[in-house]
Each structure stands twice: as structure tokens, then as C-alpha cells.
Amino acid sequence: MPPPRRARRSSTPGIEQGDVYYHRARALAEAERFPEALEEAEAAIAAHERGGPQGEMPRAEAVRFAALVEGSGLGRFSEAVTRLTTASARCRKADLTDAADILDALTRAF
């Protein structure tokens, strides 16, 4: 009997590539390699943007993580706040209010 097939989520190549960059960013941040982690997070943001409307939610998460790396890891708080503010407005425009609220809460934490 063949092994069961794993369910695949509906995705686009941009989103899938964004997920790869995002996970690399998390691993690099865990290793405290913050400049490299930020580069990977920014690559994830760009890749998710290529995913169109489906990429907006994972893009918001990549922005959240990039801001954490930028602010907490690299001490660049004003840049992190700018990143979060811009992303929050984009989320509200896309009617992703929960994501925008999360980004706003992180902004206040910085």
C-alpha cells in the first residue's frame, strides 16, 4: 500500500519561497546572527509580496519578525517602528485588522 499523501496548502511560488526565507530568518535569529536574519526576513517580505493578495498575511508576519530582529536584535528601534507603521497601514487597507492590531501592539512596545 502506498504511503498516504500529505495535504498541501494552496500556495503560490512567491509564498512558498517566502516561507523558506522566513524560516531561515528565524534560525539565524536564534543563532543571534541578526544582520543575516534581517536580510532573510526582508527577502521573505519581498517574496510574499509577489504572492499577491494571498501573500498579505504571511507578509505581515515576516514584517513583524523583521521588526523584532531590527529593534530587539540590532537596536534599530526607529527603523523597526517605521517598518511596523507602514505594514500596519497596508494591513488595514487589505482588511487584515487583526494583523494590523498585532503590528500596532509591537510598535507600542518599542
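All values below come from the heavy atoms of this structure, side chains included, with hydrogens, waters and symmetry mates left out.
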For Pro58 and Ile15 the tightest heavy-atom approach is CG-CG2, 4.4 Å
With sequence neighbours left out, write down each residue that passes side chain to side chain contact (heavy atoms under 4.5 Å, CB included) with Leu28, or none if nothing qualifies. Arg33, Glu36, Ala37, Glu40
Please enumerate all residues that pass side chain to side chain contact (heavy atoms under 4.5 Å, CB included) together with Glu39, with sequence neighbours excluded. none
Pairs flagged by ring pair (Phe, Tyr, Trp, His ring centres under 6.0 Å) wherever residues 65-110 is involved - sequence neighbours left out: Tyr22-Phe65, Phe77-Phe110
Looking only at non-hydrogen atoms, find the nearest pair between Val69 and Ala29 and report the distance. CG2-CB, 4.2 Å
Tell me, which pairs form a side chain to side chain donor-acceptor pair (under 3.5 Å) where one or both residues lie in residues 101-110, sequence neighbours left out? Ser88-Asp104, Arg92-Asp101, Arg92-Asp104
Nearest 0.5 Å, please: how far is CG in Leu96 from CD1 in Ile102? 10.5 Å
Does Glu79 have any side chain to side chain donor-acceptor pair (under 3.5 Å) partners at least two apart in sequence or in another chain, and if so, which? none
Do any pairs count as a ring pair (Phe, Tyr, Trp, His ring centres under 6.0 Å) and have a residue in residues 28-63, sequence neighbours left out, and if so which ones? none
Which residues end up grouped with Val63 if you chain together Ile, Leu, Val, Met, Phe, Trp and Tyr wherever their side-chain heavy atoms are less than 4.5 Å apart? Ile45
Which pairs count as ring pair (Phe, Tyr, Trp, His ring centres under 6.0 Å) when at least one residue sits in residues 80-106, sequence neighbours excluded? none
Could you see if Val81 belongs to whatever hydrophobic cluster contains Leu103? Use Ile, Leu, Val, Met, Phe, Trp, Tyr and a side-chain cutoff under 4.5 Å. yes
Checking Arg59 now: which residues fulfil salt bridge (charged side-chain N to carboxylate O under 4.0 Å, His left out) with it, not counting sequence neighbours? Glu49
Validation row: Thr97, Cys91 side chains within 4.5 angstrom (heavy atoms): no
Under the side chain to side chain donor-acceptor pair (under 3.5 Å) test, which residues partner Glu56, sequence neighbours left out? Arg90
d(Leu106 CG, Leu68 CG) to nearest 0.5 Å is 5.0 Å
